[in-house]
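Data first, discussion second: the structure below is written as structure tokens.
It should be emphasised that the depicted structure is a prediction, and the values quoted were computed from it without experimental measurement. Here is how names work: the chains are called A, B, and so on, in the same order as the sequence lines, proteins then strands, and each is numbered from 1.
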2 protein chains.
Amino acid sequence: MNVDVFQTLADPTRRRIVEALKGGELAVNDLVARVDIQQSGVSRHLGILQEAGFVQVRPEGTKRLYSLRPEPFQELDAWVTGYRSLWEARLDRFGQALEQRRKTRMGTPKPEEEPP
Amino acid sequence: MNVDVFQTLADPTRRRIVEALKGGELAVNDLVARVDIQQSGVSRHLGILQEAGFVQVRPEGTKRLYSLRPEPFQELDAWVTGYRSLWEARLDRFGQALEQRRKTRMGTPKPEEEPP
DNA sequence: CGTCAACATTCATGGACGTGTATATACATA
DNA sequence: TATGTATATACACGTCCATGAATGTTGACG
């Protein structure tokens, strides 16, 4: 759990592994089939993901089933929450009903507008 | 905007710059004072952050004021939302009414409550 | 025990990347 | 124009890291 979350997710292969595990636990060979690298590389990535707390292992026979753990995602969610005021500052004070209409004007680079 | 979000945030110095800009726009030298690397490195990091959409520049005299842009944070939020069911599976089924009341206590996120 | 399958680990390698030094560019002011 | 300040860019260097090939380890089964 020493390695930080962003560095772990920086590698695109690792992200593909994580997204593949979104559907549930998978064995290493299942992941090898979905990622275009060698089996040794997948095992190394799984080791990194495990050390970062992203995955856990459950041995079943000669296979090892990997699955996701929630902690790093919560940590990431908490981090991005600290920046949510960048696009929700006014709307928070305003009410959540407006928040869903937000998607109509999502590309606006000027966060200054004054509703009468 | 071509570089992906995670790779950009992987560097800790870049994250320190981003967190420093959370308080508002800053000039390059202000950031140099808060990060323990050379000015050239800060400029390079700002270039990377700009190309990834994290920051925007506003020239003022001989200075250049950098500030945050919301888009990459929204993208990150959307990504982690895809994994929120890992720790919110029950609440998701519950309804969004609860999720919106969560914002009343946004500074202290302890999402541990035990439904019977 | 021998063999095969699934997976982990070691080793060497090439490339990407962050950093410092030095230099270039832009702006303001005298 | 000249000079200083603020920032960007060029270059070289060292380090980290993802990858493949080869080898080691563990479990199942005859």
Taking only the side-chain heavy atoms of [X] (C-beta and beyond), determine which of [options] contains the nearest atom.
X       : options              : result
A/Asn29 : D/dC17, C/dA6, C/dT9 : C/dA6
B/Gln39 : C/dC7, C/dA5, D/dA8  : D/dA8
A/Arg44 : D/dA6, C/dA8, D/dG20 : D/dG20
B/Arg14 : C/dG18, C/dC7, D/dA8 : C/dG18
A/Asp11 : D/dT7, C/dC7, D/dT19 : D/dT19
A/Val28 : C/dA8, D/dT19, D/dA8 : C/dA8

To the nearest angstrom, how far is [X] atom [atom1] from [N] atom [atom2]?
X       : N      : atom1 : atom2 : value
B/Phe6  : D/dA18 : CZ    : C1'   : 19 Å
A/Arg64 : D/dT25 : CZ    : P     : 15 Å
B/Gln7  : C/dG15 : CD    : P     : 17 Å
B/Leu65 : D/dA8  : CG    : C1'   : 16 Å
B/Leu9  : C/dC17 : CG    : C1'   : 16 Å
B/Glu51 : D/dT9  : CD    : P     : 11 Å
B/Lys63 : D/dA8  : NZ    : P     : 13 Å
A/Leu26 : C/dC7  : CG    : C1'   : 15 Å

Using only side-chain N and O atoms of [X], determine if any of them is under 4.0 Å from OP1 or OP2 of [N].
X       : N      : result
A/Tyr66 : C/dA8  : yes
A/Ser43 : C/dA8  : yes
B/His45 : C/dC17 : no

Between A/Thr62 and A/Ile37, the residue closer to the 5' end of DNA chain D by nearest nucleotide is A/Ile37
Is the shortest side-chain N to carboxylate O distance from B/Arg44 to B/Asp11 below 4.0 Å?
no
Considering every strand and a 4.0 Å limit on heavy-atom distances, what is the contact class for [X]: base, sugar-phosphate, or nothing?
X       : answer
B/Gly41 : nothing
B/Gln38 : base
B/Glu60 : nothing

Taking the nucleotide of DNA chain C with the closest heavy atom to each, which residue, B/Ile48 or B/Ser40, is nearer the 5' end?
B/Ile48
Over all heavy atoms of both residues, which pair between [X] and [Y] is shortest? Give the atoms and the distance, please.
X       : Y       : answer
A/Arg34 : A/Arg16 : O-NH2, 2.6 Å
A/Glu25 : A/Leu65 : OE2-CD1, 3.7 Å
A/Asp4  : B/Ala10 : OD2-O, 4.5 Å

Which residues pass the side chain to side chain contact (heavy atoms under 4.5 Å, CB included) test with B/Leu21, not counting sequence neighbours?
B/Ile17, B/Leu26, B/Leu31, B/Val55, B/Tyr66, B/Leu68
Could you go through B/Asp30 and B/Lys63, starting from their C-alpha distance and side-chain angles, then the distance that decides it, and tell me whether this counts as salt bridge (Lys or Arg N to Asp or Glu O under 4.0 Å)?
CA-CA 10 Å; B/Asp30 302 337; B/Lys63 301 192 171 182; 5.4 Å; no
